[in-house]
Amino acid sequence: MRLKQIRALLCVLCVYVHVTYALSTTNPTTDTFPAVFLHLSDIHVSTNSEKYFKKFGDRQGDLKLFSEYLLNRIAPRALIITGDLTDSKDYYGAGIQQEIEWQEYRQILQDFTDLGGVPLENILDHRGNHDGFNRVGLRGSDADYFATYSASGIRGDAAKRVWAHLVVSSSSEIVEDNKNDDSSSLSTLFTLDEWKAAVDKQQKKDVYKLCPSTILLGLDFSEEPAFKNPINFLGHAGADVPDEIRSEILKINKEIEQYCTQRAFSKTSSSFLPIISYGHYPLSTIHHHSKNKFKEMFFQAMDSMHSMQGAVQALVDVGTTSYWSGHLHTEFGERLHRAHFLPNTTSCCLDATPSSGHQQKMMVELETGAWKDDRRFRIAAIDGGAMSFTDLYLHTASSPNMSHRRKDGPQREQQDWVDHFEKNGWGVTVADADALVVENVALLTWPVDARYSPQPAVKEDSYKEGTVRVLVFSFCDDDKDKDTRVKNTESIEVEVDAYLPDGTPLLSASLEMQQSDLQQHQEKPFKSLFRKKEENNIRKTMSSRSPKLFTAAPAVTVSCGASQPDGGCVPPAEFVGVQVTIKSGRSSIGRAIEEVSQKWPVALSCAPLLENKKQQRCWLAPALNTPAPMGLTWLEWFVLLVNVPVLLHAFFLLAWTGYIVFFLIFPRKLSQNKLSKLITSLHIKNNLSSTFSFRIFHQITWPFKSLLLIASVTSAWQTILLFSFYILLCPLYFTYLHDDAASTIPAAIFSFGILGKFASPEGSYDAKWQFLATPDTLPVAIANLGCGIIPLTLWVSCVVGTHVLEATEEMNKVKKSKEREKKLFSLPQLLSLFLILFVNYMLIYRHLFVFLGPLTIVLSPGVAWMIPLAVALAIGVGRSRRVEARELAEKMK
């Protein structure tokens with residue numbers, strides 16, 4: 001009997017231990033605080049700030065102000081800077097690595113720490129194309145200033161293509177106890193090795209507190225080796241990068257699975273956690289290298305024009321939540337956003353969404369504007385596995401005025417905003433016409449914006465039905481007295497309102513403030529990677545300035561209206577507009593203010609009431625099937641849809657094919673009949689005609705008519721054909737790829753790549769002769785075709801055609817040929833030649849001269865030599881073929 005009791009007791013004990021361990025490895029999601037991130041891009045620290053001050057203002061000074069007044073109130077888990085940290089240009093615009101710019105950038109990092117309270121470990125900066133202009137060595141070498149001065153370089157990530165960090169949201173002392181002695185205890189970012197060491201050190205006790213909430217995946221698509229501008233614009237993903245991405249995420253998932261398997265996650269995602277990937281280049285501007293170099297050189301246009309390929313496909317396959325980038329400076333629109341649907345889903349058209357009724361998941365691509373241009377920054381959060389964000393602008397006395405292409409103009413006209421700006425010297429606006437921000441910014445974290453949902457890692461049961469969660473970031477000046485700060489916080493009232501598509505109010509509710517676990521964590525002392533004396537400064541600035549979380553679970557009862565075939569109710573709308581109102585009893589301008597957020601489209605869920613089938617209860621919910629339309633312009637939609645390198649290849653080949661067909665082959669075919677004689681007769685007849693309009697018309701169309709005339713002269717046509725293929729196959733220009741004293745022979749730049757002596761991306765800096773297939777040379781080749789080859793071909797045909805035409809007997813009656821032979825060109829021909837020269841100078845020559853030096857203009861067989869060759873061709877062919885043209889004119893009689 002006693003033995004049975006012992007066995008039963010042991011069984012109960014085993015069950016207790018098992019349940020206790022299971023609970024310890026479960027990270028409850030209902031009590032977690034959203035993980036906040038900050039995204040900046042294209043800072044362009046420059047030594048030419050004074051030269052461009054009127055256009056771009058004091059970008060470094062505004063960053064210091066941003067650090068002091070905004071950054072410490074955002075309190076991000078990670079500060080992500082996606083490239084172009086420095087401008088890397090001399091006074092005239094030529095690419096050059098300047099250590100003084102990197103030293104200024106290092107000072108900015110120190111301001112982020114001293115004034116903004118963000119430790120160096122939490123700063124994930126990234127290399128852009130400007131950061132590699134004219135860099136002699138490979139990434140991570142002694143010549144790479146990024147490796148010396150950037151936060152990522154100090155961590156040792158400068159030479160990597162792919163790297164990952166795990167975000168641990170817990171504010172427990174466990175996080176601090178498990179960080180290395182030389183790291184900041186405020187940092188909650190771990191590499192996989194650091195996380196494994198922390199878990200082993202914890203010995204499985206309270207391991208759930210170390211379970212990550214987000215994976216941050218950095219991707220360096222910068223050119224390698226890095227050349228001068230303008231042949232350093234597109235991103236480059238090596239053939240092995242997709243496998244690196246898949247391998248990195250798989251490795252992380254395997255490790256997390258051992259201790260955090262009880263975490264709820266979407267079964268349709270290949271990742272346990274939401275993945276935020278980031279890089280400098282939008283995915284559509286990345287050239288995906290192939291192992292077949294011959295195909296990459298000549299048949300790149302045969303690849304898919306869609307951006308879903310290579311590294312992009314790998315990101316989608318692993319269930320990436322979002323990809324953040326910069327680079328394009330909003331030149332193609334303010335909202336360069338795109339939804340890349342996961343496998344087995346499709347999207348074909350502008351604002352098109354997958355067919356409803358099926359569970360859809362998508363990766364959201366978000367490009368942000370440049371800090372350099374309009375002081376733009378992005379606040380994002382991960383809550384319940386869902387990513388939400390809001391884009392904002394900082395306004396100062398020296399910030400650039402780009403209001404002509406932004407929607408925040410009405411906000412800056414509000415009297416409260418004007419008073420705040422005049423008193424404090426700065427202000428913030430939201431990139432949305434419906435918002436008004438004075439001192440507080442609201443971010444709806446749950447349910448997530450329906451335009452960017454459903455997302456792969458969204459946990460559908462994270463919060464109870466109808467839950468609404470809003471983060472409020474307060475940018476007002478804190479009083480010295482902590483009690484006063486608490487009173488200011490308590491004076492904030494937050495309300496949420498939902499509107500039907502026609503503007504009719506649907507529901508309204510007040511939100512309650514929740515305790516922020518971030519505050520407790522930030523009050524703890526920690527060490528800094530810079531200097532120990534910074535500890536007190538950061539702790540002082542971070543206290544009580546973190547964002548506040550407000551929650552509620554509003555619902556509304558409405559009539560069913562129409563009924564579905566199965567007897568269920570029809571919801572009032574699929575999506576509703578949700579807007580947050582913040583009422584502050586006290587403010588820095590001395591009066592109460594009322595601020596409103598942008599309107600987020602959110603899905604509406606409804607269910608019939610059990611006690612009354614004619615009514616239904618509706619609440620706000622995350623979109624789980626079909627996303628809401630993004631509302632993009634056609635240009636914003638198109639830029640991120642196509643793969644730009646493939647598009648450049650296709651356009652180049654199509655343009656050259658069209659040129660050869662319509663300017664050479666087609667005129668040759670037509671010239672074999674009596675069309676040449678007809679054109680000659682009509683041109684002479686209209687020159688003799690007294691009707692001025694007809695004469696003008698035939699003069700305008702003369703270049704195209706002359707193509708037919710010279711095509712009828714075999715030797716002239718063959719000469720122009722040879723000239724065209726010479727331009728196509730010869731080097732565009734010769735130039736030095738770097739300002740390297742060791743470089744003695746310039747590289748040859750062709751339309752499809754570069755032939756030169758430079759380092760191999762796969763090895764150490766051991767320069768050797770090789771051909772690098774790259775689409776970065778195609779923009780110059782396409783501009784050269786449109787501005788040089790085509791107009792020069794028409795000009796040569798006009799000159800030679802005139803010689804052919806004047807050799808006829810009818811034209812000699814109008815104007816004696818001896819008088820014409822004394823002149824090489826007529827006045828209109830000289831003016832047109834000067835116009836072609838001017839256009840090429842403005843678009844090509846002066847840029848090559850400034851960026852690559854005068855030697856490039858001198859040694860440019862396919863660019864600057866074209867005009868002298870065209871003039872020589874016109875003189876030689878025209879004069880030498882005059883006798884042959886007269887014989888042809890005799891045959892036309």
Side-chain angles (χ1 to χ4, degrees), residues 18 21-29 32 35 77-78 124 155-157 160-170 174-175 178-180 183 187-220 237-238 240-279 310-323 342-343 361 363 382 384-387 455-459 462:
H18 177 76
Y21 176 74
L23 291 175
S24 67
T25 57
T26 303
N27 190 9
T29 59
T32 58
R77 296 286 185 183
L124 303 177
R155 278 194 303 271
D157 296 332
K160 297 179 181 178
R161 280 284 196 183
V162 179
W163 63 88
H165 288 86
L166 305 179
V167 180
V168 179
S169 296
S170 175
I174 293 179
V175 175
N178 285 282
K179 295 296 287 185
N180 296 330
S183 64
S187 173
T188 53
L189 298 186
F190 290 79
T191 64
L192 182 59
D193 292 338
E194 290 175 343
W195 186 82
K196 289 167 59 178
V199 171
D200 293 340
K201 184 178 180 180
Q202 194 62 28
Q203 298 180 350
K204 299 183 179 180
K205 180 182 179 182
D206 293 333
V207 172
Y208 78 89
K209 295 182 180 180
L210 287 175
C211 285
S213 64
T214 311
I215 300 175
L216 300 179
L217 185 66
L219 302 172
D220 188 351
D240 56 343
V241 169
D243 292 335
E244 288 186 41
I245 294 174
R246 294 185 178 95
S247 175
E248 188 73 21
I249 298 302
L250 179 62
K251 183 169 56 175
I252 292 174
N253 284 338
K254 284 185 177 180
E255 294 296 334
I256 295 177
E257 186 178 7
Q258 299 183 34
Y259 306 104
C260 305
T261 54
Q262 302 298 321
R263 289 174 57 87
F265 64 95
S266 174
K267 295 180 181 180
T268 60
S269 172
S270 60
S271 174
F272 288 92
L273 305 171
I275 303 173
I276 302 298
S277 58
Y278 57 95
V312 184
Q313 184 67 56
L315 289 173
V316 173
D317 289 344
V318 299
T320 303
T321 299
S322 183
Y323 175 81
L342 270 63
K361 299 293 180 180
M363 178 185 75
I382 295 291
M387 186 274 304
Q455 298 174 13
V458 172
K459 306 169 185 64
S462 295

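If you're wondering where the values come from, they're calculated on a predicted model, not measured in any experiment.
If you run side-chain contact (heavy atoms from CB on, under 4.5 Å) between Leu217 and each of Leu315, Ile276, Ile252, only Leu315 comes through.
Across all non-hydrogen atoms, the minimal contact from Val168 to Trp195 is CG2-CD1, 4.2 Å. Taking both residues in full, the closest heavy atoms of Ser213 and Ile382 are given as O-CG2, 4.4 Å, listed atom of the first, atom of the second, then distance. Residue Thr214 comes nearest to Pro274 through the heavy atom pair CG2-O, 3.4 Å, listed as atom of the first residue, atom of the second, then distance. For the residue pair Tyr278 and Tyr323, the shortest heavy atom distance occurs at C-CE1, 3.9 Å. The two atoms that bring Ile275 and Thr320 nearest to each other are O-CG2, 3.5 Å, heavy atoms only.
Glu255 places no side-chain N or O within 3.5 Å of a backbone atom of Leu192 that could act as its donor or acceptor partner.
Partners of Ala314 according to the side-chain contact (heavy atoms from CB on, under 4.5 Å) rule, which considers only residues two or more places apart in sequence or in another chain, are Pro242, Ile245, Arg246. Applying the side-chain contact (heavy atoms from CB on, under 4.5 Å) test to Thr191 and every residue at least two apart in sequence or in another chain returns His165, Asp193, Glu194. Among residues two or more places apart in sequence or in another chain, the side-chain hydrogen bond (donor to acceptor under 3.5 Å, both in side chains) test is passed with Thr321 by none.
One finds the CG atom of Leu219 at 13.0 Å from the NZ atom of Lys160 (value rounded to the nearest 0.5 Å). For the atom pair Ile256 CD1 and Leu273 CG, the distance stands at 4.5 Å (nearest 0.5 Å). Once rounded to the nearest 0.5 Å, the distance linking CG of Asn253 with CD of Glu257 reads 8.0 Å. Summarising the geometry, atom CG belonging to Leu189 is positioned 9.0 Å from atom CG belonging to Leu166; distances are rounded to the nearest 0.5 Å.
Taking 4.5 Å as the limit, some side-chain heavy atom of Leu124 sits within range of a side-chain heavy atom of Arg155.
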